Asker: 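Before I ask anything, let me first share the structure, which is written out below as structure tokens.
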Protein chains: 2
Amino acid sequence: MPRADTARDRILDAFQRVLISSGERAATLDAVAAAAGVSKGGLLYHFASKDALVDGLLERLDTFAAADDERMRSAPEGTVDYVIRTSVEEGSAFDEALIAVSRLAQGSHEKARTALAAVRARWETAIAAAVGDPAVARTIMLVSDGLYYNSTLLGAFETSDTRDGAMDELLAVLGRLTPASPGPAAAS
Amino acid sequence: MPRADTARDRILDAFQRVLISSGERAATLDAVAAAAGVSKGGLLYHFASKDALVDGLLERLDTFAAADDERMRSAPEGTVDYVIRTSVEEGSAFDEALIAVSRLAQGSHEKARTALAAVRARWETAIAAAVGDPAVARTIMLVSDGLYYNSTLLGAFETSDTRDGAMDELLAVLGRLTPASPGPAAAS
DNA sequence: GTCTATACCCGGATAGAC
DNA sequence: GTCTATCCGGGTATAGAC
């Protein structure tokens, strides 16, 4: 269901693209329509209002989030490893929807913020299940939030910090926090 | 220089207030003028354009940031303790300016994002100076970012997580990361 | 130094042709 | 199903009175 050739999906793709590259304010109906290769009126046939367009994006995010939930819990490298590594942008369809919604949330959009919080909650419970100590789980979740903040909001970690051993180094540091298993944090 | 009775400062205060409570989109010239108790025209006499208004706020932030820099390095509880605890909103003048600029950065405003990154850079170097290991310093900075993200963007940690022992617990976990001094992280 | 009035532009949404 | 034309509201900025 990611990028079918239906017009709806092509418009949602365009919406995401504009949102990610130019921010919420720039994501006007005109801009999205242009990016999707239709007119404003054409867009409004598929999504009756801008709110409907947002809802469409939020729905898409939810679909991806559910799929991610499974992958996260069954990740062979362990849940913590998976969450930390995917905290920083890597270009998956889920990621793109997430960042797009993030841009929306940055504006003021309440529904977008709620959706974002819901995704975060999934991660948090998964981490808590993976590591025993709740205080440690909270710390790890905060590191994930920090990575996400830098990656999507400040625009850092695009090149230098993501590559090389920076992530491994970080995971090694976090691994020291889980007394149960001394190495990389416990798996699911 | 925080809140003199000059009209300029009263307008900047109002700008901050609207930004914090209602977000960037709501911070129109009309709204700010009303909150400051002047008319739109009156506001535009002091700040010739909205851009000038933003610049005024950014200048104010810079002043506060410089003062915070000193306090951070000479904090009796240690730099790490200071940075982590102040990562979450507490109502200081610096905090208010910071959150206001944060709201601006959320929109798309490039200058605001740069200013925010500059403040973050101050913290990061201070932490790096306080703890020896650069990987540990980066981890701590990410936790600070995470707290900030939750506090200002997601609106979490307003009540439950800030109070009680949550912060102490978090600092205890982070303290385990600094091999040099087993207790609370090393001071400046 | 502060106000009112107004010009101008832009974003969202509707109407109706094709 | 997609287009063009148009309306409406609201945001920035200017002009000029007081």
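Remember, predicted model here, so these are calculated numbers, not experimental data. Here is how names work: the chains are called A, B, and so on, in the same order as the sequence lines, proteins then strands, and each is numbered from 1. Atoms considered below: every heavy atom in the structure, side chains included; atoms not considered: hydrogens, waters and symmetry mates.
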Asker: Do A/Leu61 and A/Phe94 come close enough that some side-chain heavy atom pair is under 4.5 Å?
Answerer: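 When only atoms from C-beta onward are counted, A/Phe94 and A/Leu61 do touch, with a gap below 4.5 Å.
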Asker: A/Asp30 CG to D/dC3 P: how many Å, rounded?
Answerer: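 About 12 Å, once rounded to whole Å.
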Asker: B/Val38 side chain: which of D/dC3, D/dA13, C/dC3 is closest?
Answerer: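 Among the listed nucleotides, the one closest to the side chain of B/Val38 is C/dC3.
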Asker: Grab the NZ-C1' distance between B/Lys40 and D/dG11 for me, whole Å please.
Answerer: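 To the nearest whole Å, that distance equals 7 Å.
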Asker: Just how far, in rounded Å, is C1' of C/dG1 from CZ of B/Arg10?
Answerer: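 Interatomic distance, CZ of B/Arg10 to C1' of C/dG1: 11 Å.
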Asker: Please step through side chain to side chain contact (heavy atoms under 4.5 Å, CB included) for the pair B/Glu89 and B/Leu147, ending with a clear verdict.
Answerer: CA-CA 9 Å; B/Glu89 181 173 0; B/Leu147 284 169; over 6 Å; no
Asker: Base, sugar-phosphate, or nothing: which does B/Leu29 touch, judged by heavy atoms less than 4.0 Å apart?
Answerer: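 It contacts sugar-phosphate atoms only.
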Asker: When the distance from CG of B/Leu53 to P of D/dG11 is rounded to whole Å, what number comes out?
Answerer: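 Going from B/Leu53 (CG) to D/dG11 (P), I get 15 Å.
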Asker: Report yes if a donor N or O on one partner sits less than 3.5 Å from an acceptor N or O on the other, where the partners are the side chain of B/Lys50 and the base of D/dG11; otherwise report no.
Answerer: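 No pair found.
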Asker: Heavy-atom nearest nucleotide on DNA chain C for A/Ala48 versus B/Gly37: which residue maps closer to 5'?
Answerer: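 So the residue in question is B/Gly37.
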Asker: Whole angstroms only, please: what is the CG-P distance between B/Leu44 and D/dT12?
Answerer: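 Checked: the CG to P distance equals 9 Å.
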Asker: Any side-chain heavy atom of B/Gln106 within less than 4.5 Å of one from A/Arg103?
Answerer: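 A side-chain contact is absent here, since even the closest heavy-atom pair is not under 4.5 Å.
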Asker: What is the distance from CG of A/Leu43 to P of C/dG11, rounded to the nearest Å?
Answerer: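 That distance rounds to 14 Å.
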Asker: OP1, OP2 of C/dG12 versus side-chain N and O of A/Thr28: anything below 4.0 Å?
Answerer: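 So the side chain of A/Thr28 is within the cut-off, an N or O lying under 4.0 Å from OP1 or OP2 of C/dG12.
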Asker: Starting at CZ of A/Arg113, measure out to CG of A/Leu104 and round the result to the nearest 0.5 Å.
Answerer: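 Answer rounded to 0.5 Å: 12.0 Å.
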Asker: Can a side-chain donor-acceptor contact be found between B/Asn150 and A/Tyr149 if the only test is distance below 3.5 angstrom?
Answerer: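 Absent: no donor and acceptor within the cut-off.
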Asker: Output the rounded distance in Å from CD1 (A/Ile11) to P (D/dG1).
Answerer: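 Distance check: A/Ile11 CD1 to D/dG1 P gives 12 Å.
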Asker: Closer than 4.0 Å, any side-chain N/O of B/Tyr45 to the OP1 or OP2 of C/dT2?
Answerer: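 Result: no.
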Asker: Would you mind telling me which residue lines up with the more 5' stretch of DNA chain D, A/Arg25 or A/His46, judged by nearest nucleotide?
Answerer: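 Of the two residues, A/His46 wins.
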